[in-house]
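Some notes on the structure that comes next.
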Amino acid sequence: MSVLQAKFTTEMVETISNMYRLGWNERNGGNITYLLEKKELSEVLDINQVQREIPISFDAKRLAGKFFMVTGSGKYFKNIKDNPSEVLGIVKVCDCGKKLNLLWGLEKNTKPTSELPTHFMSHIARLEQDPNNRVVIHCHATHLIAMSFTHCLKEENFTKTLWEMCTECIVVFPEGVAVIPWIVPGTNEIGEATAKKMAACRLVLWPHHGIYGTGCSLDETFGLIETAEKAAQVYTYVCAQGGKKQTITDSELKDLAKAFGVTPRVGVLK
Ligand code: 2HA
Ligand code: ZN
């Protein structure tokens, strides 16, 4: 079996294609990093065969020795099916934490995603909460971006509105959505701000830009973003239709949380 036939690659290509189709990844927008297990990787690749070294601008020592599938900088999700080995790459984090060994892909001298600082800092933050965390997805989910212009950006208010828009939201993201200030993308600064929020939340909104989601699988992480984005889409229609006439009440949201055994974020429900 080759890397292209491996389940982690076919899943990645499918996920990226779906994200593109949903309009979340125009041009080179969005990026994914996927922590791979040594065992699944060794079955399709000689993990000691280094193609080239890639320096990184932050300390990733806490991920030393780990393998990631990453999307390439400047690459179009639209083209993933024709060009998987250019859009995707597999890297190992070196022991020094200051460079990556490229093991596969990122052909034509492609660099890893410009958002690598946020991705790796988020992996570090999430792994501390959940050792099974494997995926970080960033995309430009349309309705969440739109909502970041019209809705109050206080996390409790933003979360409450999303919970109200679709019954399943509080069950899917009971910890709510975190929000950071607007910061220049690609920087260590936005990585640090995002990762700090990731200690408590798997969803972090970048106002006027997009969303970050994390999880234990590509499906789970995609589903998390999809659920929040769907709620933001419903909110858009609700506003366009003249606003709420009724809603799911706080006491009903509490009943939902109880029925599904989840603990809602403190400070959202009255
Ligand atoms: O890689 O989405 O945030 C393009 C982006 C930057
Ligand atoms: Zn982006």
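In this chain, residues are counted from 1 in sequence order.
Residues T187 and P117 are not in side-chain contact: their nearest non-hydrogen atoms beyond the backbone lie 4.5 Å or more apart. Looking at heavy atoms from C-beta onward, M19 lies in side-chain contact with I32 at the 4.5 angstrom threshold. With a 4.5 Å cut-off on side-chain heavy atoms, N133 and H123 count as touching. Using a 4.5 Å heavy-atom threshold, the side chains of M12 and P84 count as separate. Between I47 and I90 the shortest side-chain heavy-atom distance does not fall below 4.5 Å. Residues N188 and M121 are in side-chain contact: their nearest non-hydrogen atoms beyond the backbone lie under 4.5 Å apart. Annotation: side chain of L88 is in contact with side chain of I16 (closest heavy-atom distance under 4.5 Å). Contact check for I54 versus P112: side-chain heavy atoms found under the 4.5 Å cut-off.
The two residues L203 and A228 have their closest heavy-atom pair at CD1-CB, 3.9 Å. Of all heavy-atom pairs spanning V179 and P207, the tightest one is CG1-CG, 3.8 Å. Between V268 and K160, the shortest heavy-atom contact is CG1-CB, 3.6 Å. The two residues C216 and T221 come nearest to each other via the heavy atoms N-OG1, 4.3 Å. The two atoms that bring C166 and A231 nearest to each other are SG-CA, 3.9 Å, heavy atoms only. Closest non-hydrogen pair, C139 versus I225, comes out as SG-CG2, 3.9 Å.
I124 contributes atom CD1, which lies 13.0 Å from atom CD of Q129 (distance to the nearest 0.5 angstrom). Here the CG-CG distance, from L36 to L41, works out to 5.5 Å after rounding to the nearest 0.5 Å. Note that the CD atom of E86 and the CD1 atom of I80 stand 10.0 Å from one another [nearest 0.5 Å]. Here the straight-line distance linking atom CG of L45 with atom CD of E40 works out to 11.5 Å at 0.5 Å rounding. One distance of note links NZ of K92 with NZ of K66; it measures 11.5 Å at 0.5 Å rounding. In this structure, OG in S148 is found 13.0 Å from CH2 in W206, a value given to the nearest 0.5 Å.
Linking Ile, Leu, Val, Met, Phe, Trp and Tyr residues whenever their side-chain heavy atoms come within less than 4.5 Å leaves L205 and W182 in two separate clusters. Residues V136 and F173 are members of separate hydrophobic clusters, defined by side-chain heavy-atom contacts under 4.5 angstrom among Ile, Leu, Val, Met, Phe, Trp and Tyr. A continuous path of Ile, Leu, Val, Met, Phe, Trp and Tyr side chains, each step under 4.5 Å between heavy atoms, connects V177 with W163, placing both in one hydrophobic cluster. Clustering ILVMFWY residues whenever any of their side-chain heavy atoms sit less than 4.5 angstrom apart, transitively, puts L144 in the very cluster that holds W24. Residues V135 and F77 share a hydrophobic cluster, clusters being chains of Ile/Leu/Val/Met/Phe/Trp/Tyr side chains in contact below 4.5 Å.
Under the 6.0 Å cut-off for aromatic ring centres, Y235 and H143 do not qualify, their centroids lying 6.0 Å or more apart. In this structure, W104 has its ring center at least 6.0 angstrom away from the ring center of F67.
In summary, E192 and K197 do not engage in a salt bridge, as defined by a charged side-chain N under 4.0 Å from a carboxylate O. E37 and R134 are joined by a salt bridge, as a carboxylate oxygen and a charged side-chain nitrogen come within less than 4.0 angstrom of each other. Contact check on R126 versus E175 returns no salt bridge, with no Lys/Arg side-chain nitrogen under 4.0 Å from an Asp/Glu carboxylate oxygen.
With a 6.0 Å radius and a threshold of 12 heavy atoms from other residues, nucleotides or ligands, Y20 has its OH atom at or below the threshold. For K98, the NZ atom counts as densely surrounded, since its 6.0 Å shell holds more than 12 non-hydrogen atoms of other residues, nucleotides or ligands.
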Stepwise side chain to side chain contact (heavy atoms under 4.5 Å, CB included) test for V44 and L4: CA-CA 9 Å; V44 292; L4 288 174; over 6 Å; no

Chi angles and distances behind the side chain to side chain contact (heavy atoms under 4.5 Å, CB included) call for E229, I211: CA-CA 9 Å; E229 168 62 6; I211 186 95; over 6 Å; no

Side chain to side chain contact (heavy atoms under 4.5 Å, CB included) between L35 and L63, intermediate numbers included: CA-CA 10 Å; L35 176 57; L63 299 173; over 6 Å; no

Evaluation steps, side chain to side chain contact (heavy atoms under 4.5 Å, CB included), between L100 and V93: CA-CA 5 Å; L100 308 174; V93 182; 4.0 Å; yes

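Exactly one residue among E115, H138, H119, K75 makes a side chain to side chain donor-acceptor pair (under 3.5 Å) with N31. That residue is H119.
Between the side chain of Q49 and the backbone N or O of L103 there is no donor-acceptor pair closer than 3.5 Å. Checked by atom type and distance alone, the side chain of N101 never pairs as donor or acceptor with a backbone atom of V50 at under 3.5 Å. A distance-only check finds no donor-acceptor pair linking the side chain of T71 to the backbone of T113 [under 3.5 Å]. Not a single donor-acceptor pair under 3.5 Å links the side chain of T159 to the backbone N or O of E156. The backbone N or O of K270 sits less than 3.5 Å from a side-chain atom of K254, completing a donor-acceptor pair. Judged by distance alone, the side chain of T9 and the main-chain N or O of V3 form a donor-acceptor pair under 3.5 Å. The main-chain N or O of G176 is never found under 3.5 Å from a side-chain atom of E155 such that the two would form a donor-acceptor pair.
Aromatic ring pairs are classed by plane angle as parallel below 30°, tilted from 30° to 60° and perpendicular above 60°; the pair F68 and F120 is tilted.
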